[in-house]
Enquirer: 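I am attaching a structure below and will ask some questions about it afterwards.
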4 protein chains.
Amino acid sequence: MTDADTRHTIMAATYEALCEVGYSDLTAQAIADRTDRSKSALFYHYDSREELVAAFIEYLIDGFDGRLEQIDDRPPLEQLTAFVDWFLSGPDDDQVAFHTAFLELRAQAPYNELYREKLRESDDRLREAIETILRNGIESGDFQEHDPETVAALLLATFDGARIRQFTLGRDEYLETVREETAARILADVLAPGVELPAESQVEFPRDERFHDGDAGDRPE
Amino acid sequence: MTDADTRHTIMAATYEALCEVGYSDLTAQAIADRTDRSKSALFYHYDSREELVAAFIEYLIDGFDGRLEQIDDRPPLEQLTAFVDWFLSGPDDDQVAFHTAFLELRAQAPYNELYREKLRESDDRLREAIETILRNGIESGDFQEHDPETVAALLLATFDGARIRQFTLGRDEYLETVREETAARILADVLAPGVELPAESQVEFPRDERFHDGDAGDRPE
Amino acid sequence: MTDADTRHTIMAATYEALCEVGYSDLTAQAIADRTDRSKSALFYHYDSREELVAAFIEYLIDGFDGRLEQIDDRPPLEQLTAFVDWFLSGPDDDQVAFHTAFLELRAQAPYNELYREKLRESDDRLREAIETILRNGIESGDFQEHDPETVAALLLATFDGARIRQFTLGRDEYLETVREETAARILADVLAPGVELPAESQVEFPRDERFHDGDAGDRPE
Amino acid sequence: MTDADTRHTIMAATYEALCEVGYSDLTAQAIADRTDRSKSALFYHYDSREELVAAFIEYLIDGFDGRLEQIDDRPPLEQLTAFVDWFLSGPDDDQVAFHTAFLELRAQAPYNELYREKLRESDDRLREAIETILRNGIESGDFQEHDPETVAALLLATFDGARIRQFTLGRDEYLETVREETAARILADVLAPGVELPAESQVEFPRDERFHDGDAGDRPE
DNA sequence: TATGAATGAGCCTTCATTCAT
DNA sequence: GATGAATGAAGGCTCATTCAT
């Protein structure tokens with residue numbers, strides 16, 4: 001119905017607005033302002049602000065799948081490391097703003113079934129991705145025998161918790177500490193003996209380029 | 001300036017309102033409605049809604065200390081278990097509403113220095129509490145030698161992440177899974193050999209009774 | 001310019017929408033929704049919503065003439081009775097919704113010359129119709145000598161007032177009472193001595209079939 | 001709760017706005033503009049625009065009772081005449097605007113239970129008033145024996161219908177004609193033999209002075 | 001002939017905050 | 001100490017209408 005271009009325009013504006021003003025100030029106007037369209041146009045394409053946001057979550061999920069494929073061919077340990085570092089990324093990362101705002105949005109989910117539904121889908125994808133990595137690692141012998149499903153849940157909870165505490169408390173230590181402790185206490189029994197989580201990942205989990213068209217990205221130095 | 005009674009009245013009303021309507025609907029009116037005072041009274045006692053909320057966080061912290069003492073004399077393992085179960089409490093827990101709303105509030109912290117400051121204090125207390133338990137456990141020989149500081153951070157992140165995913169996704173599995181995996185993968189190396197995390201805690205981490213004056217609490221039915 | 005078929009499609013949709021949502025919710029979208037055309041199409045065929053509505057009133061008038069003819073050959077008293085019962089129809093009548101909405105529209109006429117003009121034409125037709133019946137009744141000897149013009153005006157006012165009070169107050173008594181009192185106090189001096197208004201009409205004043213193509217009508221159940 | 005003065009201010013503004021812009025343009029802003037208060041103030045005193053309007057209908061009713069008393073002591077025929085002329089008032093009457101707008105409001109009643117309820121109360125009062133006059137007239141011998149209840153309903157319907165047709169069609173004839181015909185055909189059998197409806201009433205049914213504080217009223221030339 | 005997209009103006013309502021009393 | 005009244009700024013949403021295609 002809404003053509004891909006318009007959809008992208010609105011979704012990108014939503015992303016920008018979210019990063020710049022946060023979820024609780026994510027007004028229709030704030031989105032429209034980052035668009036060459038009027039506020040009314042948003043309501044032409046989406047029935048309500050809520051539906052627009054739900055569509056945005058879905059848009060994120062769509063992008064996630066593609067980004068996964070980009071590191072598909074890497075060995076399991078590299079993929080896992082990429083994941084860890086994506087989650088526990090440094091505070092200078094330009095995704096901090098986004099994740100911060102997205103936490104606000106997630107905090108609404110208990111009150112909003114539509115959001116909750118979409119976030120569940122997102123959770124499914126994420127867990128499946130990690131499970132697949134773990135499973136592949138077991139197969140390849142890089143990882144020990146274990147239950148990928150429960151380990152995935154544990155890792156996700158831990159990383160998410162660390163990230164949230166980092167953002168909300170402004171305490172970057174959480175990331176560092178949790179990365180190290182995860183490596184030492186959780187992954188020690190998951191990785192094959194002798195295998196260790198590299199200090200830094202060799203592949204980076206790719207960014208959602210749809211939101212970073214013009215600008216630098218992983219500028220060196 | 002504001003006497004203790006008035007303060008408590010307002011803080012209790014804030015707690016109630018938070019549980020009933022969530023943070024984003026926590027209007028001055030919503031709080032006043034749960035008070036025998038007028039909306040204006042709130043602004044007489046607190047300069048702004050923001051300050052009131054900040055004061056509320058502080059009020060929570062004040063209560064926390066007292067509650068800690070109530071299980072002070074228990075052996076370290078029991079205290080740890082109480083902590084675990086407090087965090088990973090079942091979905092029927094009447095504190096779910098509060099934690100859900102409080103997550104909304106925490107999600108504002110990145111945008112609000114006042115909140116962030118208070119939440120940091122809260123984080124300090126919580127971490128210290130866990131560190132103390134861990135330290136005592138080492139001393140008593142119930143726990144193995146380890147760095148209480150980093151383990152506390154790991155546990156906090158993991159539990160918090162599990163709880164948040166439970167609430168926001170409506171997926172209770174996270175709690176169960178994470179409790180089990182934490183016991184098996186993290187605590188296995190923290191508890192002394194042969195010591196295990198009990199399936200259920202013997203002491204309950206005490207509730208904040210200031211908010212549960214009149215009503216039932218843990219009355220059996 | 002606009003061919004008869006398109007015109008009918010739009011007019012019928014307007015009728016439907018009017019019945020279903022009332023005049024104040026009679027948006028262009030509401031009409032288009034009951035059409036296989038787009039909202040824009042309405043503005044292609046009519047310069048404005050106002051003109052469309054004005055055209056609709058005219059369309060009603062056009063239909064009225066034809067329906068009149070259908071009872072043309074009946075004796076004056078029967079025709080008069082048909083009129084009375086059409087106006088003072090029971091609350092189960094499926095025309096209630098239409099008349100209710102049409103009252104809203106009529107209430108706009110004082111502010112809208114275009115509507116007023118059309119409604120005047122409608123009033124003319126209606127009054128003429130009644131006058132003709134009355135005149136024919138005088139001629140045929142069924143009615144006493146009287147001034148058909150003023151009596152028509154009196155009847156119209158009385159019936160209309162009764163109907164409006166019924167609809168707006170939800171008080172069906174008005175219809176019954178006014179029918180009886182009209183018979184006893186007004187028509188007593190209009191009908192020839194010994195002639196009485198039948199309790200129920202033998203002919204029904206015909207419906208506008210253009211709006212009831214497919215559906216039942218007065219099919220018995 | 002809302003003190004009488006404020007209430008009057010808002011109700012008077014509502015009256016003015018209604019007269020000047022009609023019901024369908026009776027926005028909160030339109031009312032506030034005729035007040036020295038802000039739009040928000042309206043919502044402080046009334047929960048919604050709808051409730052404000054409902055309160056306005058009630059305010060009208062309150063006023064009506066008092067105005068009735070002002071002609072309480074007049075003989076029945078005079079009172080009846082006052083009523084007739086109030087209803088069938090000339091087009092220059094400054095109440096035309098109000099009645100016109102009020103018709104719009106009444107036309108919403110079928111869709112709005114709150115309005116309908118209030119309008120029913122208004123209908124009750126009006127009918128009782130006329131019934132009382134009729135009853136008194138029978139007692140005093142000025143009127144013939146008849147059923148005041150049904151006659152009141154008939155008169156009300158007739159006058160209301162005439163007025164509505166006058167306003168909506170811009171046809172003043174309705175008033176004149178209906179007044180004459182009512183006198184000749186309806187009241188002829190209601191008034192005692194020899195008693196006639198005066199061409200013009202001697203008492204005027206009093207205006208609602210709450211809405212006409214400063215200005216002229218019936219000042220001659 | 002028709003439409004999808006878009007928009008500006010406007011509406012109702014909410015809310016933190018102020019202030020005179 | 002406390003409150004009732006009030007308000008400005010904003011927000012989500014609607015709708016008649018326009019216009020390029």
Side-chain angles (χ1 to χ4, degrees), chain A residues 1-3 5-7 9-10 24-32 35-53, chain B residues 1-3 5-6 10 24-32 35-53, chain C residues 1-3 5-6 10 24-32 35-53, chain D residues 1-3 5-7 9-10 24-32 35-53:
Chain A
M1 190 160 288
T2 295
D3 76 288
D5 206 53
T6 301
R7 187 188 178 218
T9 302
I10 297 178
S24 55
D25 287 335
L26 186 72
T27 65
Q29 191 59 65
I31 298 174
T35 273
D36 57 347
R37 314 289 216 284
S38 75
K39 190 172 43 157
S40 314
L42 301 184
F43 291 101
Y44 176 75
H45 292 287
Y46 299 91
D47 282 344
S48 65
R49 178 178 155 286
E50 188 195 0
E51 291 221 347
L52 190 160
V53 172
Chain B
M1 189 164 289
T2 295
D3 73 286
D5 203 54
T6 300
I10 297 178
S24 56
D25 286 335
L26 186 73
T27 62
Q29 191 60 65
I31 298 174
T35 272
D36 55 350
R37 309 287 215 287
S38 77
K39 188 172 46 161
S40 310
L42 302 184
F43 290 97
Y44 177 78
H45 292 288
Y46 300 92
D47 281 347
S48 68
R49 180 176 156 284
E50 188 195 358
E51 293 222 346
L52 189 161
V53 172
Chain C
M1 190 164 289
T2 295
D3 72 285
D5 203 53
T6 300
I10 297 178
S24 55
D25 287 335
L26 186 73
T27 63
Q29 193 59 67
I31 298 174
T35 272
D36 55 349
R37 307 289 214 289
S38 76
K39 187 172 47 161
S40 310
L42 302 183
F43 290 97
Y44 177 78
H45 292 287
Y46 299 92
D47 282 348
S48 68
R49 182 176 154 285
E50 188 195 357
E51 292 221 347
L52 189 160
V53 172
Chain D
M1 190 162 289
T2 296
D3 76 288
D5 205 53
T6 301
R7 185 185 179 219
T9 302
I10 297 178
S24 55
D25 287 335
L26 186 72
T27 65
Q29 191 61 65
I31 298 175
T35 272
D36 56 348
R37 314 289 216 284
S38 77
K39 193 174 34 160
S40 314
L42 301 184
F43 290 100
Y44 176 76
H45 292 286
Y46 299 91
D47 283 344
S48 66
R49 179 178 154 286
E50 188 195 358
E51 290 221 349
L52 190 160
V53 172

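Chain naming here is simple, since letters A, B, ... match the order of the sequence lines and numbering starts at 1 in each. All figures in this text were calculated on a predicted structure; none of them were measured in a lab.
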Enquirer: Closest-nucleotide mapping onto DNA chain F: is C:Thr27 or B:Thr6 further toward the 5' terminus? I mean the 5' end.
Expert: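 By nearest-heavy-atom nucleotide position, the 5'-most residue is B:Thr6.
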
Enquirer: Find the distance A:Asp3:CG to E:dA5:C1' and express it as a whole number of Å.
Expert: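 In whole Å, E:dA5 C1' lies 10 Å from A:Asp3 CG.
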
Enquirer: Quickly work out the D:Leu42 CG to F:dG8 C1' distance and round it to whole Å.
Expert: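 Checked: the CG to C1' distance equals 14 Å.
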
Enquirer: Could you grab the distance from atom CG of B:Leu52 to atom CG of B:Leu42, nearest 0.5 Å is fine?
Expert: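 Spacing of CG (B:Leu52) from CG (B:Leu42) equals 6.0 Å.
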
Enquirer: Could you state the atom-to-atom distance from CG of D:Asp25 to P of E:dC11 in whole Å?
Expert: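 So the CG-P distance, D:Asp25 to E:dC11, works out to 8 Å.
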
Enquirer: Expressed in angstrom and rounded to an integer, what is the separation of C:Gln29 atom CD from E:dA5 atom P?
Expert: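 So the CD-P distance, C:Gln29 to E:dA5, works out to 13 Å.
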
Enquirer: So which nucleotide does F:dT21 pair with, by the Watson-Crick or G-U wobble rule with both distances under 3.5 Å?
Expert: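 Looking at the geometry, F:dT21 pairs with E:dA2.
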
Enquirer: To the nearest Å, how far apart are D:Tyr44 OH and F:dT7 C1'?
Expert: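 From D:Tyr44 OH to F:dT7 C1': 12 Å.
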
Enquirer: Write down the partner of E:dC12 under the Watson-Crick or G-U wobble criteria, each distance required to be under 3.5 Å.
Expert: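 Its partner is F:dG11.
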
Enquirer: When you match B:Leu26 and A:Arg37 each to their closest nucleotide on DNA chain E, which lands nearer the 5' end?
Expert: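 Its nearest nucleotide lies further toward 5', so the answer is A:Arg37.
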
Enquirer: Any side-chain N or O of C:His45 under 4.0 Å from OP1/OP2 of E:dA2?
Expert: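 For E:dA2, OP1 or OP2 has a side-chain N or O of C:His45 closer than 4.0 Å.
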
Enquirer: Which heavy-atom pair separates B:Lys39 from B:Ala28 by the least distance, and what is that distance?
Expert: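 Reported closest heavy-atom pair: CG-CB, 3.8 Å.
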
Enquirer: Taking N and O atoms by type only, does the side chain of C:Ser40 place a donor or acceptor under 3.5 Å from a partner on the base of E:dG4?
Expert: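 By the distance-only test, yes, there is a pair.
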
Enquirer: For the side chain of D:Phe43, counting heavy atoms from C-beta on, which of F:dA6, F:dA2, E:dC12 is nearest?
Expert: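 Among F:dA6, F:dA2, E:dC12, the one nearest the side chain of D:Phe43 is E:dC12.
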
Enquirer: Rounded to whole Å, how long is the line connecting atom NZ of A:Lys39 with atom C1' of E:dG10?
Expert: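 After rounding, the gap between these two atoms is 10 Å.
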
Enquirer: Provide, to the nearest angstrom, the distance between the CG atom belonging to B:Leu52 and the P atom belonging to E:dA16.
Expert: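 The answer, rounded to whole Å, is 11 Å.
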
Enquirer: So, does B:Arg37 use its side chain to make a donor-acceptor pair with the main chain of B:Ile10 at under 3.5 Å?
Expert: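 No, because the side chain of B:Arg37 does not come within donor-acceptor range (under 3.5 Å) of the backbone of B:Ile10.
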
Enquirer: How would you label the contact of A:Ala28 with the nucleic acid (heavy atoms, under 4.0 Å): base, sugar-phosphate, or nothing?
Expert: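 The residue A:Ala28 makes sugar-phosphate contact but no base contact.
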
Enquirer: Can you check the B:Asp47 CG to E:dT17 P distance for me, whole Å?
Expert: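 One finds 10 Å between P of E:dT17 and CG of B:Asp47, rounded.
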
